[in-house]
Amino acid sequence: MPAVSIDPSIEACQALVNRINTGGAFALDVTATYTEQIIDPLEEINELRIDVVTVESETLVETLAVEDRTSHQIRVWIRAKVNDFTNDTIDPLKKIRTQVWQRLNNFDSANGRVKVQRCDNENQEEPVKAALRNAGLFVASVILRVEVEAS
């Protein structure tokens, strides 16, 4: 068994960031980044941001092997400062969120190690209307359940 070169949660997040940033059918005007920080959806930001963050991780104990697959809940945050709340401003941001969801839904990395098992729409309104009104921020997210194969 080869030595572990990267933590599975980092590998999963980096694969998702690469998938978002590669374009394909569309190219975003923003580059997604991976972070280990806890995201405060209402933190002061000045530009459109896409952050990929691991929320929780677990090892799927399925075999007697030393290493098993891992499962990760990952959240992709899409946030932007907005000064007006018209459809002309908000609709393009909602489109970006939908495009991120489309890029990640059923994603399977080229090497087959990282697989999106579930890609959920948030169980709340998109964007979060209270954040939009109170803080002047567009805040939306995509929640993923991602599995990483054992090395």
Side-chain angles (χ1 to χ4, degrees), residues 4-43 45-63 67-82 85-133 135 137-151:
V4 174
S5 62
I6 187 171
D7 182 82
S9 68
I10 297 170
E11 182 178 0
C13 286
Q14 287 177 345
L16 297 174
V17 165
N18 290 340
R19 176 70 175 173
I20 293 168
N21 292 339
T22 56
F26 60 87
L28 298 177
D29 293 333
V30 62
T31 301
T33 58
Y34 156 72
T35 183
E36 276 295 330
Q37 298 174 2
I38 295 174
I39 297 296
D40 173 3
L42 300 180
E43 81 177 285
I45 57 173
N46 296 319
E47 58 189 19
L48 176 61
R49 288 188 51 167
I50 298 177
D51 295 299
V52 179
V53 183
T54 302
V55 176
E56 66 181 33
S57 298
E58 67 178 318
T59 299
L60 303 174
V61 183
E62 302 170 318
T63 67
E67 186 181 1
D68 277 314
R69 289 181 306 138
T70 56
S71 179
H72 310 275
Q73 182 181 350
I74 296 173
R75 185 180 288 246
V76 179
W77 289 98
I78 300 100
R79 298 174 298 154
K81 180 81 171 159
V82 291
F85 310 112
T86 64
N87 290 350
D88 291 341
T89 301
I90 303 303
D91 288 352
L93 295 170
K94 290 173 74 173
K95 178 182 168 189
I96 288 172
R97 189 218 170 269
T98 302
Q99 290 173 326
V100 167
W101 182 86
Q102 287 176 330
R103 294 285 294 158
L104 299 178
N105 191 31
N106 296 320
F107 170 65
D108 188 355
S109 65
N111 64 5
R113 286 186 39 82
V114 177
K115 296 178 180 140
V116 172
Q117 299 296 327
R118 193 175 72 238
C119 189
D120 292 336
N121 286 320
E122 184 83 304
N123 290 332
Q124 61 186 8
E125 56 199 346
E126 293 292 347
V128 180
K129 302 290 193 282
L132 191 59
R133 181 180 54 253
L137 293 172
F138 175 90
V139 178
S141 66
V142 176
I143 301 171
L144 309 162
R145 177 59 64 183
V146 179
E147 291 184 3
V148 179
E149 293 295 325
S151 56

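All values below were derived from every heavy atom in this structure, side-chain atoms included, with hydrogens, water molecules and symmetry-related copies excluded.
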Output for pair (L48 CG, I96 CD1), nearest 0.5 Å, gives 5.0 Å
One pair to check against side-chain hydrogen bond (donor to acceptor under 3.5 Å, both in side chains): D7 and S9. What are the steps and the verdict? CA-CA 6 Å; D7 182 82; S9 68; 2.5 Å; yes
K95 meets the salt bridge (Lys or Arg N to Asp or Glu O under 4.0 Å) criterion, sequence neighbours left out, with none
Closest non-hydrogen contact found for I78 with S141 is CD1-CA, 4.3 Å
Output for pair (L16 CG, N21 CG), nearest 0.5 Å, gives 10.5 Å
Between F138 and V82, the two heavy atoms sitting closest are N-CG2, 4.1 Å
| Between I39 and R75, does a side chain to side chain contact (heavy atoms under 4.5 Å, CB included) hold up when you go through it step by step? | CA-CA 10 Å; I39 297 296; R75 185 180 288 246; over 6 Å; no
Legend entry - Worked verdict on C13 versus I74 for side chain to side chain contact (heavy atoms under 4.5 Å, CB included): CA-CA 8 Å; C13 286; I74 296 173; 3.9 Å; yes
* Asked: Do N106 and C119 pass the side chain to side chain contact (heavy atoms under 4.5 Å, CB included) test, and can you show the C-alpha distance, the side-chain angles, and the key distance before you say yes or no?
  -> CA-CA 7 Å; N106 296 320; C119 189; over 6 Å; no
Rounded to the nearest 0.5 angstrom, the NE2-CD1 distance for H72 and I10 is 10.0 Å
Step-by-step side chain to side chain contact (heavy atoms under 4.5 Å, CB included) determination, R103 to T22:
CA-CA 10 Å; R103 294 285 294 158; T22 56; 2.6 Å; yes
| query | Does the R19 side chain pair with the main chain of L104, one donor and one acceptor, at a distance under 3.5 Å? | reply | no
The side-chain contact (heavy atoms from CB on, under 4.5 Å) partners of E56 (sequence neighbours excluded) come to Q73, R145
Quiz prompt | D120 side chain vs I143 backbone, donor-acceptor pair below 3.5 Å | solution = no
Distance col, row Q99:CD vs K94:NZ, nearest 0.5 angstrom, shows 14.0 Å
On a heavy-atom basis, the closest approach of V17 and A32 is CG1-O, 3.4 Å
Determine whether a donor-acceptor pair (N or O, by modelled atom type, separation under 3.5 Å) exists between the side chain of R79 and the backbone of D40. yes
* Asked: Going by heavy atoms in the side chains, are V114 and V146 under 4.5 Å from each other?
  -> yes
So CD of Q117 and CG of D108: to nearest 0.5 Å the spacing works out to 8.5 Å
Rounding to 0.5 Å, atoms CD1 (I45) and NZ (K81) come to a distance of 8.5 Å
For V52 and V76 the tightest heavy-atom approach is CG2-CG2, 4.2 Å
Residues at least two apart in sequence or cross-chain that pass side chain to side chain donor-acceptor pair (under 3.5 Å) with T33, listed by chain then number, are D51
